[in-house]
Undergrad: 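Sending over a structure as C-alpha cells; questions will come in a sec.
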Protein chains: 2
Amino acid sequence: MRLAAIGPPLFLLPPAMPAKPTATPAPVAAALPAAGAARAIKKRQPHKRQLILDEAAHLFKERGFGNSSMRDLGARVGLDAASMYNHIRSKDEILDTICFQVSNTYIAQLLEVEQMAGPYLEKITELLRRHVRLMTTSGAAVSVANNEWKALTEPRLTEFKEARKRYEKGFAALIEQGIAAGELQPVNVSVALFTLLSAVRWVELWYRPGRSLSAAELEADLITMLLDGLKKPTA
Amino acid sequence: MRLAAIGPPLFLLPPAMPAKPTATPAPVAAALPAAGAARAIKKRQPHKRQLILDEAAHLFKERGFGNSSMRDLGARVGLDAASMYNHIRSKDEILDTICFQVSNTYIAQLLEVEQMAGPYLEKITELLRRHVRLMTTSGAAVSVANNEWKALTEPRLTEFKEARKRYEKGFAALIEQGIAAGELQPVNVSVALFTLLSAVRWVELWYRPGRSLSAAELEADLITMLLDGLKKPTA
DNA sequence: AATAAACACAAACAATCGTTTGTTTAGAAA
DNA sequence: TTTCTAAACAAACGATTGTTTGTGTTTATT
C-alpha cells in the first residue's frame, strides 16, 4: 500500500501546495492582451510582466485569489506592491490574463482536433491528451483558471463562461458522434463529458516535473483507464 | 448535441454558480464542535447557528472563502454581521466546522465499508457510491471542504490534511487489494485512486435536487462508466 | 552631455475587512 | 412584577485591502 511515491495527498481532489518551483515554463500563448480587458504596458523589460503573471499563477493556486494580496505577490516577485503597477493594470487584470490565456489555448486545441481525420475515438483521445498536456506544462495557470475564475468581474466573467461552454459543447459533440458511430458505449453524453474532464483534473494538482511517473506515462495510463475502465473484463 | 438538459457549464470542471436554493438539507453530522477548535455557543435558538453554517457553505462555494465577507454572509442570513457573533466564534470557525464535518463523514464512511464482507470490487463500488451520495446531499459543504480548505489556519490545516491522507490511504488499500485479487486491472494504484476521486467531483458542482437525472441514476451511470470505461469493447 | 522614458519605492489614499463594544429589545424564570 | 439572559443592532476599532501620487534612480536615446 505505498502511496507516497506518487502522490500529494488528495482527499477528494484538493489543490495541493507544491514546493514552489521558482521558475515556470508557461507554454500558454504569451499574454496576448485579451480582447477588451487588458492592454499590455510593456516598455523596457517585457519579461517582468510575465514574471509577475507566473508568480501570480502560483500564488493564486496555493492561496486562492481572494486570500492573496498584492503585497504578498510583490514579495514573491521581489518588488514593492506599488512597483508592479508599472507592469500590470490591476489585480483583476492579472486574473483575467491568466484565465483567458488558458481558455484560449483550450479552444484552440479543440479547433485543431475537430479538423483532424480519423475515428471519433482517436479525436477524443487526442483532445484529452492535449487537455492533460496543458496541465503538465502550465499547471498553475490551469489551476487558477479552473478554481478562481469566479472572481472575474462582469463583462469578462460572462465571456469566460461562454468560452467554457463552447469548449464543452465541442467536446460533447465528439462524444455524441462517437456513440452514434458505435465506437463508444451508449452513455449519457453529459455524464461522460463531465466525468472525463473532471477525472483528469487531479493532474493539474498533482503533477510536478520531477515526478517518477513521466508526463507521457501519466497521459497513457490516465487515458487508458478512462476509456477501458478500472474493472478487469470477465473474460 | 443537446447538452442543456443536463448541465451547468463545465469547462474544465469549474464550480458553477447555482441558483440559490434558499434551504439546505445538510445531512452531514450536525456540527459536533471539532476537537480543539470550535466550542458551540448555542443557547436559546441553536438552529440559528446551523442556518449560518448552511448559508456560509453556499456563499463560500459560490464566491470562495476569501472573497466572501461577514457582511455578505449576514445579508444572506438576514442578520447584521455583528449579530452573528452571538452564534459563531469567528469566520475561521465557520470554515473549520464545515471542512471537518465533511472530512469526518468521509472517514466514517471509509471505516464502515472497510468492515464489510464481499469482494474488493464491491467494497470500492460501495465506497464510491457513498462518496457520491454525500455530494448529492451536502453539495455545498463538500464543495467548500474540497476547494476552500487551504484557508484553514494552522494547527487545523495540518489536521485536515492528515484526515484527507487517511481517507486516501484507506481507499488506495482497497484498490491495491482488488488488483492483487485479480478483480481490477493492474494499473498504478495512485493514478487509479486520484482518477476515481477526481472523476466524481463534478457531481458536487452539477447536481441539484430538481435535475432530470435522479441521484440514483447518476450514481449508477457514473460508477459504471468509471469501472467499465467509455470505450465499447471490441467484441 | 542632455533628454526622456522606464522603473522602483515610500507614503499615503479611501474602502473594506473581521471583530469588539455598548446598548437595547424580547422572552423566560423567579 | 422583577430578574436574568439570549440575541439583535449601531457604531466604531485597528488592520489590511487595492491602488495612486510624488519623487527619485536607472537606462537608453539623442
Side-chain angles (χ1 to χ4, degrees), chain A residues 31 37-53 55-57 59-60 62-99 144 148 150-154 156-157, chain B residues 31 37-53 55-57 59-60 62-99 144 148 150-154 156-157:
Chain A
R39 193 89 75 88
I41 312 187
K42 58 190 167 201
K43 312 266 180 85
R44 190 94 59 86
Q45 264 164 305
H47 82 282
K48 261 297 179 53
R49 177 181 161 88
Q50 194 58 46
L51 200 160
I52 294 173
L53 291 173
E55 214 62 55
L59 180 63
F60 294 167
E62 287 178 32
R63 300 230 280 259
F65 180 76
N67 302 307
S68 305
S69 75
M70 292 299 285
R71 287 164 181 85
D72 293 336
L73 179 56
R76 290 211 182 195
V77 177
L79 234 48
D80 235 63
S83 306
M84 291 189 295
Y85 283 82
N86 288 319
H87 305 276
I88 53 115
R89 282 205 129 77
S90 67
K91 190 191 179 192
D92 284 335
E93 187 222 21
I94 296 177
L95 180 65
D96 185 283
T97 303
I98 293 173
C99 287
V144 170
E148 308 297 331
K150 290 173 286 183
L152 290 171
T153 52
E154 221 4 302
R156 296 292 273 169
L157 175 59
Chain B
R39 194 89 73 89
I41 313 187
K42 58 190 167 201
K43 311 270 178 84
R44 189 94 61 84
Q45 265 163 303
H47 82 282
K48 262 296 177 54
R49 177 182 162 86
Q50 193 58 46
L51 200 160
I52 293 173
L53 291 173
E55 215 61 53
L59 180 63
F60 294 167
E62 286 178 34
R63 301 231 279 260
F65 180 76
N67 303 308
S68 306
S69 76
M70 291 298 286
R71 288 167 179 85
D72 292 336
L73 180 55
R76 290 212 182 194
V77 177
L79 234 47
D80 236 63
S83 306
M84 291 190 293
Y85 284 82
N86 288 319
H87 306 277
I88 52 115
R89 284 206 127 78
S90 67
K91 190 190 180 193
D92 284 334
E93 188 222 21
I94 296 178
L95 180 64
D96 185 283
T97 303
I98 294 173
C99 287
V144 170
E148 308 296 330
K150 290 173 287 185
L152 291 171
T153 52
E154 222 15 299
R156 297 291 275 168
L157 175 58

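Since the model is a prediction, treat every value here as computed from it, not as a measurement. Residue numbers begin at 1 in each chain, while the letters A, B, ... track the order of the sequences. Computed over heavy atoms, backbone and side chain alike; hydrogens, waters and symmetry mates excluded.
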Undergrad: Could you check how far CG of D92(A) sits from C1' of dG18(D), rounded to whole Å?
TA: 9 Å

Undergrad: Side chains of M70(B) and I88(B): closer than 4.5 Å at any heavy-atom pair?
TA: yes

Undergrad: What is the distance, to the nearest angstrom, from the NZ atom on K91(A) to the C1' atom on dT16(C)?
TA: 13 Å

Undergrad: Any sub-3.5 Å donor-acceptor pair from D72(B)'s side-chain atoms to S68(B)'s backbone N or O?
TA: no

Undergrad: Hey, is the main chain of H87(A) close enough, under 3.5 Å, to the side chain of R49(A) for a donor-acceptor pair?
TA: yes

Undergrad: Just to verify, which of D96(A), T97(A), D92(A), I98(A) counts as forming a side chain to side chain contact (heavy atoms under 4.5 Å, CB included) with I94(A)?
TA: I98(A)

Undergrad: OP1 or OP2 of dA6(C) less than 4.0 angstrom from a side-chain nitrogen or oxygen of H87(A), does that happen here?
TA: no

Undergrad: Quick one: does N86(A) reach the base of dA8(C) with a side-chain donor-acceptor pair under 3.5 Å?
TA: yes

Undergrad: Quickly work out the M84(A) CE to dT17(D) P distance and round it to whole Å.
TA: 12 Å

Undergrad: What is the distance from CD1 of I52(A) to P of dC7(C), rounded to the nearest Å?
TA: 10 Å

Undergrad: Rounded to whole angstroms, how far apart are CZ on R49(A) and P on dA8(C)?
TA: 14 Å

Undergrad: With a 4.0 Å cutoff (strictly under), does any side-chain N or O of S83(A) reach OP1 or OP2 of dC9(C)?
TA: yes

Undergrad: Please tell me which of the listed nucleotides, dT19(D), dA7(D), dC17(C), lies nearest to the side chain of M70(A)?
TA: dT19(D)

Undergrad: For the side chain of L79(A), starting at C-beta, report the closest nucleotide among dC9(C), dA8(D), dT17(D).
TA: dC9(C)

Undergrad: Distance check needed: dT17(D) P versus D80(A) CG, whole Å only.
TA: 14 Å

Undergrad: On DNA chain C, check which nucleotide each of R71(A) and G78(A) is closest to and give me the residue with the more 5' one.
TA: G78(A)

Undergrad: Does K48(A) put a side-chain nitrogen or oxygen below 4.0 Å from OP1 or OP2 of dA6(C)?
TA: no

Undergrad: Using the ring of F65(A) (Phe, Tyr or Trp, six-membered ring only), decide whether K150(A) places NZ or CZ under 6.0 Å from its centre and within 45 degrees of its axis.
TA: no

Undergrad: Please state how far atom CG in L51(A) lies from atom P in dA8(C), giving the value in whole angstrom units.
TA: 10 Å

Undergrad: For R63(B) and dC17(C), what is the distance between atoms CZ and C1' respectively, to the nearest whole Å?
TA: 14 Å

